[in-house]
Each structure stands twice: as structure tokens, then as C-alpha cells.
Amino acid sequence: MSRNVLSAHFPSISAPAVVAAAEEDGSFKAPGTAEFYWPLIGGDNNWALTRPSVVLLISVALLGWFFITAASRLQLVPTRRQFLVEGVYGFVRNSIGRDVIGEREFRPFLPLLFTVFTMILLNNVFGIVPFVQFPTMSRVAFPIVLTLAVYVTYHVVAIRRKHGVVGYFKSLVPAGLPRWLVPIMFVLEVATYFFIRPLTLALRLFGNMLAGHLMLLVFILGGEYLLLRGGNVLLAFSGVMSFAFAIVMTFFELLVEFLQAFIFTILTALYLADAVSESH
Amino acid sequence: MALLSVVTAAEGPGWPTALPLLPQPAEMLTGIVAFGILYWLYKTKVVPRLEELYAARAAAIEGGMHKAEEAQAQAQAALEQYQAQLREARAEASRIREDAKAQGATILAELRSQAAAEASRITETAHKQIEAERQQALVSLRGEVGRISVDLASRVVGESLHDETRQKGIVDRFLAELESGDVVREKVGAPRAEDA
Amino acid sequence: MTGNIAFLGYGLAAIGPGIGIGLIFAAYINGVARQPEARGMLQTIAFTGMALTEALAILGLVFAFVFRG
């Protein structure tokens, strides 16, 4: 389908595309992963500026503005806004950073943890914010970028802490294993550290956001189709129920969005804690 | 391989939307730039300040606790001082009471002895007075008796003996002898001791 | 109705990790209920276990997308 038409609907949700598609042959076409690709400028290719990119940049501007202005006038006795900032920061700092990485080591990683947490949280919440209504992290590129940052950080830190690459690989296998088990464990640990961890970290976030948004799309678009083109009262009523369920699911999405931001950050902290620990 | 064919096909027009796991290069780039900017902003402008705040707050809380401890110590000291003063005052009060009691007893004893002295003095004065009066009565009685006996004798003798009596002091001498026991009382008609 | 057998496979593949994650968090809740002071340590372990277990489901999702064409 032509995507250029969609460019005109920047503030609206991505629903009109599907409705338009449904109208063409009269039967309902379920929303799919195609709904998530939405170029704005530069046409339909590898280097097109997509709407999620714009949303991400807006989120960075918002976060930067919010936290820098709040941080520039901090007081010992907090104002209401500072209270919010401190709540978020204290959560990342104490509940995630300090508790997981440890009292001695957690300070250098705070910017990374805080960036990851706030970026994911705001972009996830964009999934249910009116006029944006798109979870940026459901585009796989962004989780991959975040995971890349975490991946590079924890490997670099671990190589520095464990006296070089050789020391790092040696530390992967725990001491005191039977001799025949060492190669198997080595392969398993290398697979975990170098492939499974980044893969799961990125795809967990991506998958949750994609699935959550797709579910909302299904309920809203399906409800709309049933209501407008269902034909009889019963189907129209089920369309209304579908809308109501979409609202319920929106609140559920809010929970999932927060939870995914939390899980991503706490896993980042866990991997970093693994990297800074002396023994494996 | 479908994946490979799609990736190679991606060079042409049209992004393979059927492959959601294929990151779009432009989005990757945007993501890296956005992450870099946000990380840099946080690292330079937000986290250091918030950490400073945490440190300041920890110091403030510690300082506050220190101050509170000081205040408590002060209060404790004041309380102890107050209690010491109270104890002292109580001791003072009881001491004063004891003193007063003792003083009262002393005063009472003094008064009593004074009263006794006074009483004895009064008694003595009375005794003296009585003695004096008795003496006086004795003297006047003696004069009277002398006069009466001289009168009586004059009457018996028939002439006034007063001058002679006065001259010779007979009566007085007699009375003195009588008192000193030189004159033995005798019944009328009984023989005198000198004569016997 | 159109679809792909790969996603059926993903649904089946998600059963095991689902049960596994349920067991992990059940144990975590039990542990915290018994010893609330051990919460920090248990949280770390629980999330490590969850990450490992969920890796299977996520691999299933990846393969569902990769092999559906």
C-alpha cells in the first residue's frame, strides 16, 4: 500500500491506513507488522526518516529539557517537580543501581542506567499518549541501539576488570568444575554472554511493545470494523465491547510499559554487576 | 533464504515491512544519535548534580543528627543540672528545717531556764521581803513589848520607868538574853536556876 | 483467515518458558514472604533466572519471524 498518504496523518494514530485497506475489498484485514513502518520524509527506503525516529528525537528533547531544567535548580527541600525527578532518579539509583551492582561500584554506571530507563519508559508510554500513540521501542532498531550500548559497556568493563580478553574468557567458566565439564560450560557461557544476552535484552523489549501495540490495534480496528460494517446490532454491540476492552488493555499496556523499562534496566544492572564482580 | 533475498532487495525501493526484526538503518542511526545525546546530557548535566544533591542531603541529615545529638546532650546536661539543683534545694530545705527545729528546741530550753530563773528570783525576792517584814515586825514587836511591859511595870511600880528603862536598856537586854537563851523561862513560884 | 504455521510454533514454544517464569516468580515471592530482608539478593537471582528462561520464548519469536517467509 502507499505510505505517502500516511504522511499527512502525522498526529493521528496509524489506524486510517488499515481502515482504508479494509475499505478496498470490503473484508476485514487484520493489522500486522506492516503498521509499524511509517516513513515521513525520504520515501520508502533504507534511509527514510520514519515517524518513530521523530518521536524518539522528540522524547530525547523532552527528557533532556525536563531533567536539565530540574537539575539546574535543585534544592535540599524539594519542590513538587524536583520530587518527581528525585523519585525517578532515586528509583534507578537505589533500587536498581545500588541494590544490584553494589554500594562501591554503582556510581560510574548511573548515567547509563538512567538514560536507558528514562528513554525506554518515555518511549513506551508514548504508546498510549494521545496524538503520539506509538511505542517507539516496537521498532527493533531502537532496542538494538540500547542493547548495543549496554553490550559494549559490559564487555569493556569486564575486560578491564578481569585483566584483558584472556582473563575475561577464563573468568567465564567458574572455578572448581570437573575437567570434562569445562569445555561445555565454556561454550554455554560464551553463547550466553555474547549472543543470548543481547538478543534477549533487545527482543524482549521489542516483542512486548510490538505485541502490546498490535493487540490494541486489533481491538480498536476490529471494533471499528464491527461497529461500522458489522451489518447488524449484535455485531455493532460487540464492536463497542471491543472498544471497551481496548481501553482496559490500554491500562494493562501502561503496566507492561513500565515493567519492560524496569526489566531492561535491572538486567543491564545485572550484567554490569557481573562484569565488575571479581569472581564469575 | 527469504531473509537474505529481502535484505538484498531492501537496497531497492520499498522497505520490507514483513520483516519487523530487520532494523532500518536510518532508525539505527537516529537511535544511536539520540542515545548519545541523552547519555551525554545526563552524564554532564543531570547525574552529577543529583549526586551532589544526594551527598548534600546525606551531609545535611548527618549534620542534623549531629545537631540533634548535641541538643539532646544539652538537654540531658540541663536536666541533670536541674535535678542536682533540686536535690541541693531539698537538702537545703531539710537542713533549714533541722536547724529551725534545733533552734526552736534551744529557744524553748532557754526560755524554760529563763522562766525558772525568773520564778526562783521572784520566789527569793518574796522570801526576802517576807524576811524583812518579819524582821520589821519583830523589831516593832520588840519595841511594843518593851513599852507595854515597861508600862505594865510602871503601873505596878507606880512611877514612870520609861526614861530609866531607856537609859539602862533593860528591856532590850532582857529580850536579847531571852533570845540568846540566857534567861530560862520559869514558872511563877519555881526556884531560879542560879539560886539552886 | 490467513496466517502462518510459524506463529503456531511460537505459541507452543512459549508454553515452557511461561511455566518456567511462573515457577521462578512463585519461588521469589515465597522467598520474600519468608525472608523480607533477603529481597535484594533474591530479586537479582529471580531476574537472572527470568532472563535465561525468557530467552527461549524470545528465540521462538525470532525464529517465527525469520522462518515465516
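Chain letters run A, B, ... following the sequence lines, proteins first, then strands; residues in each count from 1.
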Original post:
Non-hydrogen atoms of chain C under 4.5 Å away: do they reach the side chain of A/Leu210, the backbone, both or neither?
Top reply: side chain
Subject >> Partner chain C: residue of A/Ile196, A/Val100, A/Leu267 with the largest heavy-atom pair count (under 4.5 Å) >> reply: A/Leu267
**OP:** Under 4.5 Å, counting heavy-atom pairs only, tell me which of A/Leu199, A/Thr200, A/Leu201 racks up the most with chain C.
**Re:** A/Thr200
Subject >> More than 12 heavy atoms from other groups under 6.0 Å of CE on A/Met185 >> reply: yes
**OP:** Would you mind checking which part of C/Leu59 comes under 4.5 Å of any heavy atom in chain A, side chain (CB onward), backbone (N, CA, C, O), both or neither?
**Re:** side chain
Original post:
chain C heavy atoms under 4.5 Å from A/Leu203: which part of the residue, side chain, backbone, both or neither?
Top reply: both
Original post:
Got C/Arg39 and A/Asp99 here, is their nearest side-chain heavy-atom distance under 4.5 Å?
Top reply: no
Original post:
Take atom CG in A/Leu255; do more than 12 heavy atoms of anything else shown fall under 6.0 Å from it?
Top reply: yes
Original post:
Got more than 12 heavy atoms from elsewhere within 6.0 Å of CZ, C/Phe25?
Top reply: yes
Subject >> A/Phe258, CZ: over 12 other non-hydrogen atoms inside 6.0 angstrom >> reply: yes
Subject >> Leading residue by heavy atom contact count with chain C [cutoff under 4.5 Å; candidates A/Tyr271, A/Phe206, A/Phe262] >> reply: A/Phe262
